[in-house]
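As the structure is a computational prediction, the values presented were derived from the model and not from experiment. Letters go in sequence order (proteins before strands), and every chain restarts at 1.
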Amino acid sequence: MKRVYFDHSATTPVDSEVAKLILEYMTDKFGNPSSIHSFGREVRKSVEEARDKVAALIGAQAKEIFFTSGGTEADNWALKGIAAANRKKGNHIITSSIEHHAILHTCEYLEKQGFSVTYLPVDENARVNVEDVKKAITDQTILISVMFANNEVGTIQPIKEIGKIAKEKGIYFHTDAVQAVGHYPIDVNEYNIDLLTLAGHKFYGPKGVGALYIRRGVKITSFQQGGAQERTMRAGTENVPGIVGLGKAAEIAKLNMEKEIAHVRTLKNKLIKGITEKIPDIKLNGHPELRMPGNVNFSFLYVEGESLLLNLDLKGIAASSGSACTSGSLDPSHVLLSMGLTHEVAHGSLRLSLGRGNTEEEIDYCLEVLPEIVARLRSMSPLGAG
Amino acid sequence: MKRVYFDHSATTPVDSEVAKLILEYMTDKFGNPSSIHSFGREVRKSVEEARDKVAALIGAQAKEIFFTSGGTEADNWALKGIAAANRKKGNHIITSSIEHHAILHTCEYLEKQGFSVTYLPVDENARVNVEDVKKAITDQTILISVMFANNEVGTIQPIKEIGKIAKEKGIYFHTDAVQAVGHYPIDVNEYNIDLLTLAGHKFYGPKGVGALYIRRGVKITSFQQGGAQERTMRAGTENVPGIVGLGKAAEIAKLNMEKEIAHVRTLKNKLIKGITEKIPDIKLNGHPELRMPGNVNFSFLYVEGESLLLNLDLKGIAASSGSACTSGSLDPSHVLLSMGLTHEVAHGSLRLSLGRGNTEEEIDYCLEVLPEIVARLRSMSPLGAG
Amino acid sequence: MYTDKVMDHFTNPRNVGEIKNASGIGEVGNAKCGDIMRIYLDVEDDIIKDVKFKTFGCGAAIATSSMVTELVKGKTLDEALKISNEAVAEALDGLPPAKMHCSNLAADALHEAIKDYMQKKGK
Ligand SMILES: Cc1ncc(COP(=O)(O)O)c(C=O)c1O
Ligand SMILES: Cc1ncc(COP(=O)(O)O)c(C=O)c1O
Ligand code: FES
Ligand code: FES
């Protein structure tokens with residue numbers, strides 16, 4: 001059967017050049033960068049070259065990049081590390097209500113440790129209001145953490161404006177840019193970002209490796225104790241193949257970004273247009289313009305997301321949903337609820353996230369099968385016109 | 001030039017079968033295990049099969065294995081997680097003075113958080129005395145953490161005896177088995193181990209992945225907050241290729257263990273015999289019998305480790321040393337000092353750690369070049385017989 | 001994730017639809033968790049002559065709805081009342097643990113429909 005992958009926001013395949021490089025660093029260049037012999041020295045150099053490449057992708061300096069085991073670790077580190085190092089200055093953190101769980105659950109953890117957290121609301125397009133950020137600031141505020149782009153609905157936040165406010169007030173600004181890095185131009189200096197989270201597996205790099213950008217001078221504690229790796233800030237034998245792969249993925253992303261944005265955006269527009277024309281009673285979730293180039297998210301009224309997904313899967317199409325049933329929790333997506341969707345409508349959401357390998361034919365195929373599936377499920381539904 | 005790798009305790013090359021599998025899971029089976037579509041389901045299954053294999057290697061149940069980003073994370077998690085979850089029961093931890101920095105520096109971190117830590121001494125062979133463990137226990141003791149085998153001198157600790165004591169007293173017992181797993185038979189039930197750390201890159205698996213074994217019923221907090229991965233105990237998108245690779249490495253290790261131990265032990269004995277016969281004024285570090293099958297560690301009096309290493313490296317031989325100069329710190333190895341070596345003698349230590357790929361010819365080659373190098377360095381030394 | 005039987009009932013659900021002038025209608029579930037099931041009964045002489053369902057929900061919700069209609073068609077009301085949610089899950093060769101409580105409500109909907117019938121008949 002034809003297999004169509006429309007779930008790039010969940011994870012991406014590893015670029016074939018990246019994979020080849022990783023293979024080389026597993027079997028030939030397998031040394032430990034802490035070793036002083038030739039096996040160690042050759043990989044130490046490669047790790048530093050990868051650091052340069054990751055830094056270049058976001059306009060940072062190499063010394064400001066610290067490799068982690070992924071986005072979740074970097075998010076945990078940013079929040080807990082800033083909290084621990086700046087507790088004397090204050091105990092208040094500002095974030096948004098639509099962050100990834102790696103941020104939200106870490107905030108809940110910090111609340112138990114005595115920190116106080118403001119969860120900013122969002123509008124119906126999932127955007128944070130810059131005025132709300134200003135109003136939330138107190139003399140206790142030590143950190144603002146707002147994601148660059150949302151993983152479910154793709155909405156891009158007013159990062160530049162928030163960065164400006166944070167800078168003026170002397171408050172650290174962290175952004176979880178896991179969904180944006182490699183797919184959208186980012187410059188940490190232009191945006192006044194102090195800390196930034198990225199993860200390899202969201203832009204054709206390997207799983208199990210990510211990075212935290214920490215602006216020089218930011219006060220933060222180390223995350224894991226042990227050896228002196230990552231300039232004593234993150235102990236543990238470096239995941240050399242992963243790091244080298246991340247570097248390569250960053251290099252490729254920077255090189256091809258414009259071309260890929262154009263490609264993915266064309267497909268996205270075609271898909272949105274097709275769905276809108278072919279299927280009644282739907283709602284586009286997320287901001288109509290300020291959204292990630294590859295993100296398509298619709299709610300199909302009277303229909304539940306998991307059954308939609310399973311039907312698409314039977315046709316070979318891989319997608320994702322904000323329905324509770326896909327996550328094993330009771331409530332549907334906190335993002336969709338924060339945007340003001342009712343439970344029913346949130347349950348009927350479908351995310352199709354496009355990537356560089358997708359084609360027009362795949363969009364056509366999806367536009368062929370999706371209307372039938374929605375119609376069939378609606379004919380079974382006790383809700384709505386049904 | 002001939003390149004000889006005698007630094008398997010630092011890291012190992014990835015087994016070629018393991019590497020092939022990892023490649024497959026980067027490019028073909030690249031799904032996110034949390035996804036419910038076919039790309040997700042196929043890898044979810046592979047992750048669980050890998051868990052079975054890792055569990056089988058140490059006699060655990062699959063549900064007791066939690067994947068981490070490596071040995072350091074697992075060590076940090078074990079100590080901090082037990083400390084946080086059992087603080088009401090007590091605030092005392094027992095460990096040894098020759099642990100890896102991933103344990104020692106985490107203990108120092110916990111001391112700053114109000115915990116009290118006993119660092120047990122070791123004898124001249126780097127062994128902990130079981131009576132010392134007993135004496136150190138107070139009614140506040142919540143955890144004993146003693147490594148299975150030491151990374152520098154290879155000494156194997158009285159794990160079974162310590163496990164018995166811990167069980168009798170109702171105290172949790174953690175062992176950092178990073179050096180032993182895959183190279184030495186371990187059964188967590190026979191040894192009464194409650195928590196065990198392992199790392200893939202020490203037994204021909206990938207870097208950037210490890211595991212913490214947590215016996216069912218042990219009270220421990222989660223390590224990273226975020227998604228519901230690893231049964232909510234360790235958030236973050238699973239490093240699927242790494243985990244699958246770790247599983248394969250575990251399977252291979254279990255299958256070949258006896259054969260490999262025999263192979264490596266033969267080489268080790270030949271190397272120890274050769275060095276002893278050919279070079280005067282040396283000292284074998286670590287226990288003469290109770291040591292890892294592939295570990296050779298000598299101090300060469302009147303000689304400094306880094307210059308020894310660099311000279312060996314020039315001849316293509318990769319080794320390691322307990323000299324301060326190789327680690328960037330000022331003091332030489334805390335392990336060698338704890339064993340009672342003087343600073344000078346500790347500085348002259350050389351570790352040659354053998355692996356499955358090494359050959360008799362490589363041992364012969366080393367026995368050919370090493371005596372010359374030592375003699376040359378000694379002729380330059382102001383110390384000793386010079 | 002789902003057994004073959006679940007997938008069979010999910011992809012080819014039996015007895016989907018409504019019954020005009022049904023003898024009894026039962027509805028359970030709530031939108032919060034994402035499951036709403038409605039069962040329609042046509043009862044004659046205490047025997048379920050016909051049964052139909054409409055369901056908004058996940059794969060498990062649709063499959064259990066379909067299965068329960070198959071189980072009760074032609075049965076007496078007493079027999080139908082004895083069918084439990086667990087029995088429905090079992091008839092499908094089991095459900096994933098997370099789905100057992102959330103979407104395994106089809107027997108409840110059936111019982112509600114029978115109750116509705118009884119009330120209408122003034123029993
Ligand atoms: C916005 C966002 N933040 C954080 C994460 C967590 O990253 P990872 O799962 O790679 O640890 C993800 C992806 O899962 C994400 O989409
Ligand atoms: C005994 C021991 N514990 C812990 C570690 C740390 O493991 P990793 O560097 O893979 O995080 C190592 C290896 O470096 C080790 O030898
Ligand atoms: S001998 Fe030179 S730094 Fe130690
Ligand atoms: S619809 Fe939510 S679990 Fe079934």
Side-chain angles (χ1 to χ4, degrees), chain A residues 3 5 7 10-14 16 19 22-23 26-27 30-32 34-40 69-73 75-76 100-102 105-106 108-109 199 201 206-209 224-228 235-242 306 309-310 312-313 317-320 326-329, chain B residues 3 5 7 10-14 16 19 22-23 26-27 30-32 34-40 69-73 75-76 100-102 105-106 108-109 199 201 206-209 224-228 235-242 306 309-310 312-313 317-320 326-329:
Chain A
R3 277 178 107 196
Y5 191 72
D7 204 7
T11 197
T12 55
V14 176
S16 62
I22 290 175
L23 190 63
M26 286 194 294
T27 51
F30 64 82
N32 186 324
S34 300
S35 301
I36 66 166
H37 48 64
S38 67
F39 293 83
S69 67
T72 299
E73 182 185 327
D75 279 346
N76 272 257
H100 190 269
H101 283 147
H105 290 167
T106 303
E108 289 159 20
Y109 168 88
H201 72 107
K207 290 184 177 63
V209 61
Q224 285 183 179
Q225 280 72 46
T237 299
E238 295 88 342
N239 177 358
V240 179
E306 191 200 273
L309 282 192
L310 288 177
L312 281 170
D313 187 47
I317 299 175
S320 153
T326 66
S327 64
S329 79
Chain B
R3 277 178 108 196
Y5 191 72
D7 204 8
T11 196
T12 55
V14 175
S16 63
I22 289 175
L23 190 63
M26 287 194 294
T27 50
F30 63 83
N32 186 324
S34 299
S35 302
I36 67 165
H37 48 63
S38 67
F39 293 83
S69 68
T72 298
E73 181 186 327
D75 279 346
N76 273 257
H100 190 271
H101 283 148
H105 290 167
T106 303
E108 288 158 21
Y109 167 88
H201 72 107
K207 290 185 177 60
V209 61
Q224 285 182 180
Q225 280 74 44
T237 299
E238 294 89 342
N239 176 359
V240 179
E306 192 198 270
L309 282 193
L310 288 177
L312 280 171
D313 188 45
I317 300 175
S320 152
T326 66
S327 64
S329 79

Residue, of His101(A), Arg3(A), His100(A), that accumulates the most heavy atom pairs under 4.5 Å with chain B:
Arg3(A)

Kindly write out the residues that satisfy side chain to side chain donor-acceptor pair (under 3.5 Å) with Thr237(B), not counting sequence neighbours, or none if the list is empty.
none

Separation between CZ of Phe30(B) and NZ of Lys207(A), rounded to the nearest 0.5 Å:
7.5 Å

Name the member of Asn76(B), Val209(B), Thr11(B), Asn32(B) that forms the most heavy-atom pairs with chain A at distances under 4.5 Å.
Asn76(B)

For the interface with chain A, which of Gly70(B), Pro241(B), Ala19(B) has the highest count of heavy-atom pairs at distances below 4.5 Å?
Ala19(B)

Side chain, backbone, both or neither: which part of Ser35(B) has a non-hydrogen atom closer than 4.5 Å to chain A?
side chain

For a quick test of reading the model, state the closest non-hydrogen atom pair linking Ser34(A) to Glu238(A) and the distance between them.
OG-OE1, 4.4 Å

Please state whether the side chain, the backbone, both or neither of Glu108(B) comes within less than 4.5 Å of a heavy atom of chain A.
neither

Most contacts with chain B, counted as non-hydrogen pairs under 4.5 angstrom, among Ala199(A), Gly40(A), Gly31(A), Gly227(A)
Gly31(A)

Max heavy-atom pair count under 4.5 Å with chain A, selected residue of Asp75(B), Ile317(B), Thr12(B), Leu310(B)
Thr12(B)

Looking at chain B, which one of Ala10(A), Gly236(A), Pro13(A) has the largest number of heavy-atom pairs inside 4.5 Å, strictly under?
Pro13(A)

Looking only at heavy atoms, which two atoms of Ser69(A) and Glu73(B) are closest? And how far apart?
OG-OE1, 4.4 Å

Please classify the contact between Ala319(B) and chain A as side chain, backbone, both or neither, with a heavy-atom cut-off of under 4.5 Å.
backbone

Where do His37(A) and Asp313(B) come nearest, in terms of heavy atoms and distance?
CB-OD1, 3.4 Å

What part of Tyr109(B) gets within 4.5 angstrom of chain A, counting heavy atoms only: side chain, backbone, both, or neither?
side chain

Go through the structure and list residues passing side chain to side chain donor-acceptor pair (under 3.5 Å) with Gln225(B), not counting sequence neighbours.
Lys80(A), Ser222(B)

Nearest 0.5 Å, please: how far is CG in Asp7(A) from CG in Leu312(A)?
11.0 Å

